[in-house]
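I have placed the structure first, in the form of C-alpha coordinates, so that the comments after it can refer back to it.
None of the values given here were measured: they were computed from a predicted structure.
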Number of protein chains: 2
Amino acid sequence: MSLATDTTDQPTLYKRIRADIEKRILTGEWPPGHRIPFEHELVARYGCSRMTVNKALSELAQADLIERRRRAGSFVRRPQHQSAVLKIADIRAEITALGRGYGYELIGRKLRAATAADRDRLGVKKAGKVVAITCRHSADNVPFAVEDRLIDLASVPDAATADFSREPPGSWLLHHVPWTEAEHTISAIVADDRTAEALDIAVGAPCLVIDRYTWRSARTITAVRLLYPGDSHRLVARFKGG
Amino acid sequence: MSLATDTTDQPTLYKRIRADIEKRILTGEWPPGHRIPFEHELVARYGCSRMTVNKALSELAQADLIERRRRAGSFVRRPQHQSAVLKIADIRAEITALGRGYGYELIGRKLRAATAADRDRLGVKKAGKVVAITCRHSADNVPFAVEDRLIDLASVPDAATADFSREPPGSWLLHHVPWTEAEHTISAIVADDRTAEALDIAVGAPCLVIDRYTWRSARTITAVRLLYPGDSHRLVARFKGG
DNA sequence: TTGACTTATATGTCTAGACATATAATCGTG
DNA sequence: CACGATTATATGTCTAGACATATAAGTCAA
(Lines give C-alpha, C1' and ligand atoms only; values in the text may rest on other atoms or scores of the structure.)
Protein backbone atom coordinates (compact mmCIF):
# COMPACT_ATOMS: atom_id res chain seq x y z
CA MET A 1 0.00 0.00 0.00
CA SER A 2 1.73 3.14 -1.15
CA LEU A 3 -0.51 5.96 -0.14
CA ALA A 4 1.68 8.78 -1.31
CA THR A 5 2.11 7.59 -4.88
CA ASP A 6 0.07 10.38 -6.41
CA THR A 7 2.73 13.04 -6.86
CA THR A 8 0.68 15.45 -8.93
CA ASP A 9 1.82 18.60 -7.23
CA GLN A 10 -1.44 19.67 -5.71
CA PRO A 11 -1.40 23.06 -4.10
CA THR A 12 -1.28 21.86 -0.55
CA LEU A 13 -0.44 18.77 1.38
CA TYR A 14 -3.66 18.30 3.30
CA LYS A 15 -5.65 18.49 0.09
CA ARG A 16 -3.46 15.84 -1.43
CA ILE A 17 -3.96 13.59 1.56
CA ARG A 18 -7.69 14.15 1.36
CA ALA A 19 -7.76 13.46 -2.37
CA ASP A 20 -5.67 10.30 -1.98
CA ILE A 21 -8.07 8.87 0.56
CA GLU A 22 -11.14 9.99 -1.31
CA LYS A 23 -9.90 8.26 -4.43
CA ARG A 24 -9.47 4.95 -2.62
CA ILE A 25 -12.97 5.18 -1.26
CA LEU A 26 -14.57 6.13 -4.55
CA THR A 27 -12.82 3.40 -6.50
CA GLY A 28 -13.98 0.87 -3.97
CA GLU A 29 -10.44 -0.07 -2.97
CA TRP A 30 -11.41 0.85 0.56
CA PRO A 31 -15.00 -0.40 0.85
CA PRO A 32 -17.53 0.69 3.47
CA GLY A 33 -16.42 -0.33 6.92
CA HIS A 34 -12.74 -0.33 6.00
CA ARG A 35 -10.51 1.22 8.61
CA ILE A 36 -8.43 4.10 7.31
CA PRO A 37 -4.83 4.32 8.53
CA PHE A 38 -4.51 5.96 11.92
CA GLU A 39 -3.48 9.58 12.05
CA HIS A 40 -0.04 8.67 13.35
CA GLU A 41 0.43 6.28 10.43
CA LEU A 42 -0.51 8.96 7.93
CA VAL A 43 1.79 11.39 9.72
CA ALA A 44 4.62 8.93 9.24
CA ARG A 45 3.67 8.21 5.63
CA TYR A 46 3.42 11.83 4.55
CA GLY A 47 6.04 13.18 6.89
CA CYS A 48 3.92 15.99 8.24
CA SER A 49 2.43 17.04 11.55
CA ARG A 50 -0.72 15.54 12.95
CA MET A 51 -2.74 18.72 12.47
CA THR A 52 -2.27 18.47 8.72
CA VAL A 53 -3.53 14.92 8.61
CA ASN A 54 -6.29 15.83 11.05
CA LYS A 55 -7.52 18.59 8.77
CA ALA A 56 -7.77 16.20 5.82
CA LEU A 57 -9.66 13.60 7.86
CA SER A 58 -11.93 16.17 9.46
CA GLU A 59 -13.04 17.42 6.08
CA LEU A 60 -13.74 13.88 4.90
CA ALA A 61 -15.77 13.34 8.04
CA GLN A 62 -17.67 16.58 7.46
CA ALA A 63 -18.48 15.36 3.97
CA ASP A 64 -19.81 12.12 5.46
CA LEU A 65 -17.34 10.00 3.55
CA ILE A 66 -15.77 8.64 6.70
CA GLU A 67 -16.77 8.22 10.29
CA ARG A 68 -14.35 8.89 13.09
CA ARG A 69 -14.54 7.01 16.36
CA ARG A 70 -12.41 7.73 19.36
CA ARG A 71 -10.00 5.03 20.27
CA ALA A 72 -11.21 2.92 17.35
CA GLY A 73 -10.09 4.86 14.29
CA SER A 74 -11.64 6.25 11.12
CA PHE A 75 -13.87 4.15 8.91
CA VAL A 76 -15.31 4.42 5.45
CA ARG A 77 -18.99 5.14 5.80
CA ARG A 78 -21.67 3.23 4.07
CA PRO A 79 -22.99 5.11 1.08
CA GLN A 80 -26.17 6.93 1.84
CA HIS A 81 -28.51 6.04 -0.90
CA GLN A 82 -31.38 8.06 0.36
CA SER A 83 -29.88 11.50 0.05
CA ALA A 84 -29.71 13.37 -3.21
CA VAL A 85 -29.22 16.94 -4.16
CA LEU A 86 -32.23 18.12 -6.02
CA LYS A 87 -31.72 21.24 -8.02
CA ILE A 88 -34.82 23.34 -8.12
CA ALA A 89 -33.76 26.45 -9.86
CA ASP A 90 -35.54 29.73 -9.81
CA ILE A 91 -37.96 29.33 -12.69
CA ARG A 92 -36.76 32.36 -14.57
CA ALA A 93 -33.16 31.20 -14.24
CA GLU A 94 -34.15 27.70 -15.23
CA ILE A 95 -35.83 28.84 -18.41
CA THR A 96 -33.15 31.29 -19.44
CA ALA A 97 -30.53 28.64 -18.74
CA LEU A 98 -32.28 26.50 -21.34
CA GLY A 99 -31.80 29.31 -23.81
CA ARG A 100 -35.50 29.96 -24.06
CA GLY A 101 -37.40 33.18 -23.72
CA TYR A 102 -38.86 33.75 -20.28
CA GLY A 103 -42.37 35.08 -19.99
CA TYR A 104 -44.30 36.06 -16.89
CA GLU A 105 -47.94 36.87 -16.48
CA LEU A 106 -49.83 37.86 -13.36
CA ILE A 107 -53.21 36.19 -13.36
CA GLY A 108 -54.61 37.35 -10.05
CA ARG A 109 -53.61 39.14 -6.89
CA LYS A 110 -55.67 39.59 -3.77
CA LEU A 111 -55.02 41.14 -0.39
CA ARG A 112 -57.33 39.66 2.20
CA ALA A 113 -57.73 38.67 5.81
CA ALA A 114 -56.48 35.12 6.19
CA THR A 115 -59.22 32.55 5.84
CA ALA A 116 -59.15 29.33 7.82
CA ALA A 117 -57.76 27.59 4.75
CA ASP A 118 -55.05 30.23 4.38
CA ARG A 119 -54.00 29.88 8.01
CA ASP A 120 -53.92 26.15 7.66
CA ARG A 121 -51.77 26.35 4.57
CA LEU A 122 -49.33 28.79 6.15
CA GLY A 123 -49.31 26.95 9.42
CA VAL A 124 -50.12 29.99 11.52
CA LYS A 125 -52.68 30.21 14.31
CA LYS A 126 -53.51 33.88 14.53
CA ALA A 127 -55.60 35.74 12.05
CA GLY A 128 -53.85 38.27 9.86
CA LYS A 129 -53.59 39.54 6.36
CA VAL A 130 -52.24 37.62 3.42
CA VAL A 131 -51.54 38.24 -0.24
CA ALA A 132 -52.72 35.56 -2.62
CA ILE A 133 -51.10 35.51 -6.04
CA THR A 134 -51.72 33.40 -9.11
CA CYS A 135 -49.35 33.70 -12.03
CA ARG A 136 -47.93 31.86 -14.98
CA HIS A 137 -44.40 31.31 -16.22
CA SER A 138 -43.78 30.51 -19.85
CA ALA A 139 -40.88 29.49 -22.05
CA ASP A 140 -40.93 30.79 -25.61
CA ASN A 141 -44.58 31.70 -25.05
CA VAL A 142 -45.49 28.13 -24.14
CA PRO A 143 -46.88 27.69 -20.62
CA PHE A 144 -44.19 26.26 -18.40
CA ALA A 145 -45.70 26.36 -14.93
CA VAL A 146 -48.53 27.96 -13.03
CA GLU A 147 -47.91 29.31 -9.59
CA ASP A 148 -50.36 29.70 -6.75
CA ARG A 149 -48.85 31.58 -3.84
CA LEU A 150 -49.76 32.85 -0.42
CA ILE A 151 -47.61 35.40 1.41
CA ASP A 152 -48.01 36.12 5.11
CA LEU A 153 -48.04 39.88 5.53
CA ALA A 154 -47.18 39.59 9.20
CA SER A 155 -43.81 38.22 8.12
CA VAL A 156 -43.32 40.27 4.96
CA PRO A 157 -45.25 43.55 5.28
CA ASP A 158 -43.65 45.01 2.14
CA ALA A 159 -45.44 42.43 0.04
CA ALA A 160 -48.64 44.43 0.46
CA THR A 161 -47.37 47.22 -1.74
CA ALA A 162 -45.02 45.30 -4.02
CA ASP A 163 -45.82 45.36 -7.72
CA PHE A 164 -46.12 41.78 -8.90
CA SER A 165 -47.38 42.64 -12.35
CA ARG A 166 -43.86 42.71 -13.73
CA GLU A 167 -41.69 40.84 -11.27
CA PRO A 168 -42.54 37.26 -10.23
CA PRO A 169 -43.20 37.01 -6.49
CA GLY A 170 -40.51 34.35 -6.19
CA SER A 171 -37.82 36.72 -7.44
CA TRP A 172 -39.17 39.55 -5.36
CA LEU A 173 -39.11 37.48 -2.19
CA LEU A 174 -35.63 36.24 -2.94
CA HIS A 175 -34.43 39.82 -2.85
CA HIS A 176 -36.38 40.82 0.22
CA VAL A 177 -36.01 37.82 2.49
CA PRO A 178 -32.34 37.21 3.22
CA TRP A 179 -32.42 33.69 4.55
CA THR A 180 -34.99 30.98 4.96
CA GLU A 181 -35.63 27.36 5.40
CA ALA A 182 -37.99 25.55 3.15
CA GLU A 183 -39.74 22.29 2.63
CA HIS A 184 -40.68 20.87 -0.73
CA THR A 185 -43.25 18.23 -1.31
CA ILE A 186 -43.51 16.63 -4.71
CA SER A 187 -46.54 14.79 -5.94
CA ALA A 188 -48.60 14.15 -9.04
CA ILE A 189 -52.14 15.07 -9.96
CA VAL A 190 -54.25 15.13 -13.07
CA ALA A 191 -55.23 18.46 -14.51
CA ASP A 192 -58.64 19.86 -13.62
CA ASP A 193 -60.42 22.36 -15.85
CA ARG A 194 -58.70 25.43 -14.49
CA THR A 195 -55.23 23.91 -14.52
CA ALA A 196 -55.68 22.49 -17.99
CA GLU A 197 -56.63 25.87 -19.32
CA ALA A 198 -53.76 27.66 -17.61
CA LEU A 199 -51.18 25.18 -18.84
CA ASP A 200 -52.80 24.67 -22.21
CA ILE A 201 -53.03 20.92 -21.78
CA ALA A 202 -55.87 18.45 -21.79
CA VAL A 203 -58.11 17.90 -18.81
CA GLY A 204 -56.93 14.70 -17.15
CA ALA A 205 -53.33 15.10 -18.30
CA PRO A 206 -50.67 14.41 -15.66
CA CYS A 207 -49.16 17.29 -13.71
CA LEU A 208 -46.14 17.40 -11.49
CA VAL A 209 -46.81 19.35 -8.31
CA ILE A 210 -44.30 21.06 -6.09
CA ASP A 211 -45.53 22.49 -2.83
CA ARG A 212 -43.01 24.71 -1.19
CA TYR A 213 -43.26 26.13 2.28
CA THR A 214 -40.75 28.79 3.17
CA TRP A 215 -40.10 30.19 6.58
CA ARG A 216 -37.55 32.12 8.52
CA SER A 217 -36.75 31.56 12.16
CA ALA A 218 -39.80 29.36 12.61
CA ARG A 219 -42.00 31.98 11.03
CA THR A 220 -43.84 31.13 7.88
CA ILE A 221 -43.29 33.48 5.00
CA THR A 222 -44.92 31.95 2.00
CA ALA A 223 -46.56 28.82 0.70
CA VAL A 224 -46.47 28.16 -3.01
CA ARG A 225 -47.82 25.46 -5.28
CA LEU A 226 -46.23 25.03 -8.67
CA LEU A 227 -47.88 22.95 -11.36
CA TYR A 228 -45.88 21.67 -14.30
CA PRO A 229 -47.09 19.66 -17.25
CA GLY A 230 -46.01 16.21 -16.10
CA ASP A 231 -44.96 14.78 -19.38
CA SER A 232 -42.79 17.69 -20.42
CA HIS A 233 -41.12 18.89 -17.30
CA ARG A 234 -38.56 16.92 -15.41
CA LEU A 235 -36.76 17.45 -12.19
CA VAL A 236 -33.27 16.07 -12.22
CA ALA A 237 -31.37 15.16 -9.10
CA ARG A 238 -27.80 13.98 -9.19
CA PHE A 239 -25.81 12.73 -6.31
CA LYS A 240 -22.74 10.89 -5.27
CA GLY A 241 -22.62 8.25 -2.63
CA GLY A 242 -24.16 5.12 -4.13
CA MET B 1 -22.18 44.07 18.76
CA SER B 2 -21.40 41.53 21.43
CA LEU B 3 -20.49 38.37 19.65
CA ALA B 4 -19.68 36.28 22.68
CA THR B 5 -22.92 36.84 24.52
CA ASP B 6 -24.16 33.29 24.11
CA THR B 7 -22.60 31.62 27.11
CA THR B 8 -24.40 28.31 26.85
CA ASP B 9 -21.47 26.08 27.59
CA GLN B 10 -21.19 24.32 24.28
CA PRO B 11 -18.73 21.50 24.19
CA THR B 12 -15.98 23.34 22.42
CA LEU B 13 -14.99 26.86 21.62
CA TYR B 14 -14.71 26.60 17.86
CA LYS B 15 -18.18 25.13 17.68
CA ARG B 16 -19.52 27.98 19.72
CA ILE B 17 -17.86 30.50 17.44
CA ARG B 18 -19.29 28.71 14.43
CA ALA B 19 -22.77 28.56 15.97
CA ASP B 20 -22.65 32.24 16.95
CA ILE B 21 -21.85 33.29 13.41
CA GLU B 22 -24.30 30.86 11.87
CA LYS B 23 -27.05 32.25 14.04
CA ARG B 24 -26.41 35.80 12.90
CA ILE B 25 -26.52 34.70 9.30
CA LEU B 26 -29.66 32.64 9.68
CA THR B 27 -31.54 35.32 11.53
CA GLY B 28 -30.65 37.80 8.84
CA GLU B 29 -28.74 40.04 11.22
CA TRP B 30 -25.79 39.58 8.89
CA PRO B 31 -27.35 39.60 5.43
CA PRO B 32 -25.73 38.28 2.25
CA GLY B 33 -22.66 40.30 1.37
CA HIS B 34 -22.02 41.34 4.96
CA ARG B 35 -18.40 41.18 6.00
CA ILE B 36 -17.78 38.94 8.96
CA PRO B 37 -15.28 40.18 11.56
CA PHE B 38 -11.68 39.46 10.62
CA GLU B 39 -9.99 36.50 12.17
CA HIS B 40 -7.84 38.73 14.37
CA GLU B 41 -10.97 40.50 15.63
CA LEU B 42 -12.60 37.20 16.54
CA VAL B 43 -9.37 36.09 18.17
CA ALA B 44 -9.51 39.20 20.36
CA ARG B 45 -13.22 38.79 21.03
CA TYR B 46 -13.05 35.15 22.06
CA GLY B 47 -9.59 35.26 23.54
CA CYS B 48 -8.31 32.25 21.65
CA SER B 49 -5.69 31.47 19.05
CA ARG B 50 -6.19 32.10 15.35
CA MET B 51 -6.32 28.41 14.49
CA THR B 52 -9.44 28.03 16.59
CA VAL B 53 -11.19 30.87 14.81
CA ASN B 54 -9.87 29.60 11.49
CA LYS B 55 -11.39 26.20 12.05
CA ALA B 56 -14.80 27.71 12.71
CA LEU B 57 -14.64 29.90 9.62
CA SER B 58 -13.29 27.11 7.44
CA GLU B 59 -16.23 24.91 8.29
CA LEU B 60 -18.67 27.70 7.54
CA ALA B 61 -16.93 28.16 4.19
CA GLN B 62 -17.10 24.44 3.50
CA ALA B 63 -20.82 24.57 4.18
CA ASP B 64 -21.13 27.42 1.67
CA LEU B 65 -22.49 29.80 4.26
CA ILE B 66 -19.64 32.22 3.86
CA GLU B 67 -17.07 33.03 1.25
CA ARG B 68 -13.50 33.80 2.18
CA ARG B 69 -11.37 36.15 0.13
CA ARG B 70 -7.72 36.81 0.74
CA ARG B 71 -6.91 40.26 1.88
CA ALA B 72 -10.57 41.21 1.73
CA GLY B 73 -12.17 39.15 4.49
CA SER B 74 -15.04 36.70 4.89
CA PHE B 75 -18.49 37.45 3.55
CA VAL B 76 -21.94 36.01 3.97
CA ARG B 77 -22.85 34.17 0.80
CA ARG B 78 -26.04 34.64 -1.06
CA PRO B 79 -28.50 31.86 -0.30
CA GLN B 80 -28.63 29.21 -2.93
CA HIS B 81 -32.24 28.66 -3.52
CA GLN B 82 -31.89 26.05 -6.17
CA SER B 83 -30.29 23.35 -4.11
CA ALA B 84 -32.28 21.06 -1.89
CA VAL B 85 -31.61 17.78 -0.24
CA LEU B 86 -34.12 15.30 -1.43
CA LYS B 87 -34.47 12.25 0.70
CA ILE B 88 -35.24 9.22 -1.36
CA ALA B 89 -35.03 6.43 1.11
CA ASP B 90 -34.64 2.81 0.32
CA ILE B 91 -38.24 1.73 -0.10
CA ARG B 92 -38.09 -0.98 2.50
CA ALA B 93 -36.55 1.42 5.02
CA GLU B 94 -39.06 4.07 4.10
CA ILE B 95 -42.01 1.81 4.73
CA THR B 96 -40.71 0.30 7.94
CA ALA B 97 -39.84 3.80 9.17
CA LEU B 98 -43.52 4.61 8.78
CA GLY B 99 -44.29 1.74 11.09
CA ARG B 100 -46.00 -0.23 8.35
CA GLY B 101 -45.48 -3.77 7.24
CA TYR B 102 -43.19 -4.12 4.27
CA GLY B 103 -44.14 -6.51 1.52
CA TYR B 104 -42.21 -7.50 -1.58
CA GLU B 105 -43.29 -9.44 -4.58
CA LEU B 106 -41.31 -10.41 -7.65
CA ILE B 107 -43.50 -10.06 -10.72
CA GLY B 108 -41.07 -10.96 -13.45
CA ARG B 109 -37.39 -11.64 -14.06
CA LYS B 110 -35.69 -12.17 -17.37
CA LEU B 111 -32.09 -12.70 -18.39
CA ARG B 112 -31.63 -11.66 -21.99
CA ALA B 113 -29.25 -10.19 -24.50
CA ALA B 114 -29.63 -6.41 -24.39
CA THR B 115 -32.08 -5.11 -26.92
CA ALA B 116 -31.60 -1.75 -28.58
CA ALA B 117 -34.05 -0.26 -26.09
CA ASP B 118 -32.13 -1.78 -23.18
CA ARG B 119 -28.84 -0.40 -24.43
CA ASP B 120 -30.39 2.98 -24.87
CA ARG B 121 -31.80 2.95 -21.39
CA LEU B 122 -28.53 1.88 -19.83
CA GLY B 123 -26.52 4.24 -21.97
CA VAL B 124 -24.13 1.57 -23.21
CA LYS B 125 -23.01 1.01 -26.78
CA LYS B 126 -21.93 -2.60 -26.86
CA ALA B 127 -24.25 -5.53 -26.84
CA GLY B 128 -24.30 -7.65 -23.71
CA LYS B 129 -26.56 -9.41 -21.31
CA VAL B 130 -28.97 -7.77 -18.95
CA VAL B 131 -31.39 -8.79 -16.23
CA ALA B 132 -34.83 -7.22 -16.39
CA ILE B 133 -36.84 -7.25 -13.19
CA THR B 134 -40.35 -6.16 -12.40
CA CYS B 135 -41.50 -6.16 -8.82
CA ARG B 136 -43.85 -4.56 -6.38
CA HIS B 137 -43.40 -3.05 -2.95
CA SER B 138 -46.31 -2.80 -0.59
CA ALA B 139 -47.08 -1.29 2.78
CA ASP B 140 -49.51 -3.20 4.98
CA ASN B 141 -50.45 -5.19 1.90
CA VAL B 142 -51.41 -2.07 -0.03
CA PRO B 143 -49.40 -1.48 -3.21
CA PHE B 144 -46.83 1.22 -2.54
CA ALA B 145 -44.72 1.28 -5.68
CA VAL B 146 -43.95 -0.81 -8.70
CA GLU B 147 -40.38 -1.16 -9.86
CA ASP B 148 -39.10 -1.83 -13.32
CA ARG B 149 -35.39 -2.43 -13.34
CA LEU B 150 -32.60 -3.26 -15.74
CA ILE B 151 -29.21 -4.47 -14.52
CA ASP B 152 -26.15 -4.55 -16.75
CA LEU B 153 -24.49 -7.92 -16.27
CA ALA B 154 -21.23 -6.63 -17.69
CA SER B 155 -20.98 -4.41 -14.62
CA VAL B 156 -22.59 -6.71 -12.08
CA PRO B 157 -22.06 -10.33 -13.17
CA ASP B 158 -23.33 -11.71 -9.86
CA ALA B 159 -26.80 -10.40 -10.65
CA ALA B 160 -27.25 -13.27 -13.09
CA THR B 161 -27.45 -15.82 -10.29
CA ALA B 162 -28.87 -13.67 -7.50
CA ASP B 163 -32.22 -14.72 -6.08
CA PHE B 164 -34.58 -11.79 -6.36
CA SER B 165 -37.65 -13.68 -5.29
CA ARG B 166 -37.10 -12.78 -1.66
CA GLU B 167 -34.77 -9.82 -1.64
CA PRO B 168 -35.57 -6.67 -3.61
CA PRO B 169 -32.95 -5.93 -6.26
CA GLY B 170 -32.38 -2.49 -4.77
CA SER B 171 -31.30 -3.94 -1.45
CA TRP B 172 -29.24 -6.61 -3.14
CA LEU B 173 -27.37 -4.07 -5.25
CA LEU B 174 -26.81 -1.85 -2.25
CA HIS B 175 -24.88 -4.67 -0.65
CA HIS B 176 -22.95 -5.66 -3.74
CA VAL B 177 -21.98 -2.32 -5.23
CA PRO B 178 -19.87 -0.32 -2.80
CA TRP B 179 -20.04 3.10 -4.34
CA THR B 180 -21.93 4.72 -7.16
CA GLU B 181 -23.18 7.90 -8.62
CA ALA B 182 -26.75 8.27 -9.65
CA GLU B 183 -29.16 10.54 -11.41
CA HIS B 184 -32.82 10.86 -10.61
CA THR B 185 -35.44 12.25 -12.87
CA ILE B 186 -38.87 12.96 -11.51
CA SER B 187 -41.95 13.32 -13.64
CA ALA B 188 -45.65 12.57 -13.66
CA ILE B 189 -47.75 10.29 -15.84
CA VAL B 190 -51.23 8.89 -15.78
CA ALA B 191 -51.67 5.20 -15.11
CA ASP B 192 -52.07 2.89 -18.09
CA ASP B 193 -53.83 -0.47 -17.81
CA ARG B 194 -50.84 -2.41 -16.61
CA THR B 195 -49.75 0.22 -14.07
CA ALA B 196 -53.28 0.68 -12.78
CA GLU B 197 -53.59 -3.01 -12.14
CA ALA B 198 -50.21 -3.30 -10.42
CA LEU B 199 -50.86 -0.35 -8.14
CA ASP B 200 -54.54 -1.11 -7.68
CA ILE B 201 -55.62 2.32 -8.82
CA ALA B 202 -57.86 3.57 -11.58
CA VAL B 203 -56.71 3.86 -15.15
CA GLY B 204 -55.95 7.53 -15.75
CA ALA B 205 -55.05 8.21 -12.13
CA PRO B 206 -51.90 10.29 -11.58
CA CYS B 207 -48.57 8.58 -10.89
CA LEU B 208 -45.32 9.99 -9.69
CA VAL B 209 -42.37 8.60 -11.62
CA ILE B 210 -38.79 8.36 -10.49
CA ASP B 211 -36.23 7.25 -13.02
CA ARG B 212 -32.94 6.42 -11.45
CA TYR B 213 -29.73 5.69 -13.30
CA THR B 214 -26.90 4.35 -11.24
CA TRP B 215 -23.32 3.94 -12.29
CA ARG B 216 -19.88 3.49 -10.91
CA SER B 217 -16.75 4.98 -12.37
CA ALA B 218 -18.55 5.98 -15.55
CA ARG B 219 -19.96 2.49 -15.93
CA THR B 220 -23.69 2.02 -15.86
CA ILE B 221 -24.94 -0.49 -13.38
CA THR B 222 -28.69 -0.25 -13.35
CA ALA B 223 -31.62 1.77 -14.56
CA VAL B 224 -34.81 1.70 -12.55
CA ARG B 225 -38.23 3.24 -12.92
CA LEU B 226 -40.38 3.54 -9.84
CA LEU B 227 -44.07 4.32 -10.09
CA TYR B 228 -45.96 5.62 -7.08
CA PRO B 229 -49.62 6.46 -6.81
CA GLY B 230 -49.39 10.22 -7.24
CA ASP B 231 -52.08 11.25 -4.85
CA SER B 232 -50.87 9.16 -1.96
CA HIS B 233 -47.14 9.25 -2.11
CA ARG B 234 -45.10 12.34 -1.49
CA LEU B 235 -41.46 13.14 -1.75
CA VAL B 236 -40.34 15.61 0.82
CA ALA B 237 -37.26 17.72 0.46
CA ARG B 238 -36.07 20.06 3.14
CA PHE B 239 -33.28 22.50 2.90
CA LYS B 240 -31.66 25.48 4.45
CA GLY B 241 -30.47 28.45 2.59
CA GLY B 242 -33.53 29.95 1.02
C1' DT C 1 -19.94 -16.27 32.74
C1' DT C 2 -20.82 -11.87 33.97
C1' DG C 3 -20.18 -7.38 35.62
C1' DA C 4 -17.23 -3.70 37.47
C1' DC C 5 -12.90 -1.51 37.29
C1' DT C 6 -8.62 -0.06 35.04
C1' DT C 7 -5.69 1.09 31.27
C1' DA C 8 -4.15 2.11 26.80
C1' DT C 9 -4.95 4.66 22.80
C1' DA C 10 -7.02 7.28 18.86
C1' DT C 11 -9.35 11.12 18.15
C1' DG C 12 -10.82 16.10 19.66
C1' DT C 13 -9.41 20.43 20.65
C1' DC C 14 -6.18 24.03 21.35
C1' DT C 15 -1.81 27.06 21.40
C1' DA C 16 1.69 30.40 19.86
C1' DG C 17 4.12 30.82 16.80
C1' DA C 18 5.84 30.66 11.32
C1' DC C 19 5.97 31.55 6.32
C1' DA C 20 3.26 31.63 1.87
C1' DT C 21 0.16 33.90 -1.18
C1' DA C 22 -3.41 36.42 -3.29
C1' DT C 23 -5.05 40.87 -3.72
C1' DA C 24 -7.00 45.52 -2.23
C1' DA C 25 -5.11 49.79 -1.68
C1' DT C 26 -1.66 53.00 -2.34
C1' DC C 27 1.89 55.38 -4.69
C1' DG C 28 4.35 57.04 -8.76
C1' DT C 29 4.94 57.94 -13.32
C1' DG C 30 3.93 59.01 -18.08
C1' DC D 1 -6.29 60.63 -15.73
C1' DA D 2 -4.71 56.03 -16.77
C1' DC D 3 -1.72 52.42 -15.82
C1' DG D 4 1.96 49.84 -13.79
C1' DA D 5 4.69 48.90 -9.60
C1' DT D 6 4.78 48.53 -4.68
C1' DT D 7 3.03 47.59 -0.19
C1' DA D 8 0.05 46.23 3.37
C1' DT D 9 -2.91 42.80 5.00
C1' DA D 10 -6.24 38.91 5.56
C1' DT D 11 -6.48 34.44 4.63
C1' DG D 12 -4.10 29.66 3.68
C1' DT D 13 -1.25 26.34 5.33
C1' DC D 14 1.76 24.21 8.53
C1' DT D 15 4.46 22.88 12.93
C1' DA D 16 5.57 20.66 17.36
C1' DG D 17 4.03 20.44 20.97
C1' DA D 18 -0.10 20.03 24.93
C1' DC D 19 -4.07 18.22 27.56
C1' DA D 20 -8.94 16.39 27.26
C1' DT D 21 -12.01 12.62 26.48
C1' DA D 22 -14.39 8.73 24.84
C1' DT D 23 -13.94 4.00 24.53
C1' DA D 24 -11.98 -0.68 23.09
C1' DA D 25 -9.70 -3.95 25.46
C1' DG D 26 -7.85 -6.10 29.15
C1' DT D 27 -8.11 -7.36 34.30
C1' DC D 28 -10.09 -9.10 38.17
C1' DA D 29 -13.52 -10.43 41.38
C1' DA D 30 -18.23 -12.32 42.39
Selected nucleotide, minimal atom distance to [X] side chain, candidates [options]:
{"X": "B:Lys15", "options": "C:dT13, D:dC14, C:dT11", "value": "C:dT13"}
{"X": "B:Ala72", "options": "C:dA24, C:dA18, D:dC14", "value": "C:dA24"}
{"X": "A:Ser49", "options": "D:dT15, C:dC14, C:dT23", "value": "D:dT15"}
{"X": "A:Phe38", "options": "C:dA10, C:dT13, D:dT13", "value": "C:dA10"}
{"X": "A:Tyr14", "options": "D:dC14, C:dT23, D:dT21", "value": "D:dC14"}

Value in whole Å for how far the [atom2] atom of [N] lies from [atom1] of [X]:
{"X": "A:Asn54", "N": "C:dT9", "atom1": "CG", "atom2": "C1'", "value": "15 Å"}
{"X": "A:Glu67", "N": "D:dT23", "atom1": "CD", "atom2": "C1'", "value": "14 Å"}
{"X": "A:Glu59", "N": "C:dT11", "atom1": "CD", "atom2": "P", "value": "17 Å"}
{"X": "A:Tyr46", "N": "D:dT13", "atom1": "OH", "atom2": "C1'", "value": "17 Å"}
{"X": "B:His40", "N": "C:dG17", "atom1": "NE2", "atom2": "C1'", "value": "17 Å"}
{"X": "B:Leu57", "N": "D:dT11", "atom1": "CG", "atom2": "C1'", "value": "10 Å"}
{"X": "B:Ile66", "N": "D:dT11", "atom1": "CD1", "atom2": "P", "value": "9 Å"}
{"X": "B:Arg18", "N": "C:dG12", "atom1": "CZ", "atom2": "P", "value": "13 Å"}

Over all strands shown, is A:Ser58 touching base, sugar-phosphate only, or nothing at heavy-atom distances under 4.0 angstrom? nothing
Can you tell whether the side chains of [X] and [Y] come within less than 4.0 Å, N to carboxylate O?
{"X": "A:Glu22", "Y": "A:Arg16", "answer": "no"}
{"X": "A:Arg68", "Y": "A:Glu39", "answer": "yes"}
{"X": "B:Asp148", "Y": "B:Arg225", "answer": "no"}
{"X": "A:Glu41", "Y": "A:Arg35", "answer": "yes"}

Geometric class of the A:His137/A:Tyr102 ring pair [parallel <30°, tilted 30-60°, perpendicular >60°]: tilted
Closest to the 5' end of DNA chain D, once A:Arg70 and B:Met51 are matched to their nearest nucleotides, is B:Met51
Would the base of [N] count as contacting [X] through its side chain, where contact means a donor and an acceptor less than 3.5 Å apart?
{"X": "A:Arg68", "N": "C:dT11", "value": "no"}
{"X": "B:Arg71", "N": "C:dA24", "value": "yes"}
{"X": "B:Arg50", "N": "D:dG12", "value": "yes"}

Is the distance from OP1 or OP2 of D:dG12 to the nearest side-chain N or O of A:Lys55 less than 4.0 Å? no
For C:dT13 and B:Thr52 - does any side-chain N or O of the residue sit under 4.0 Å from the phosphate oxygens OP1/OP2? no
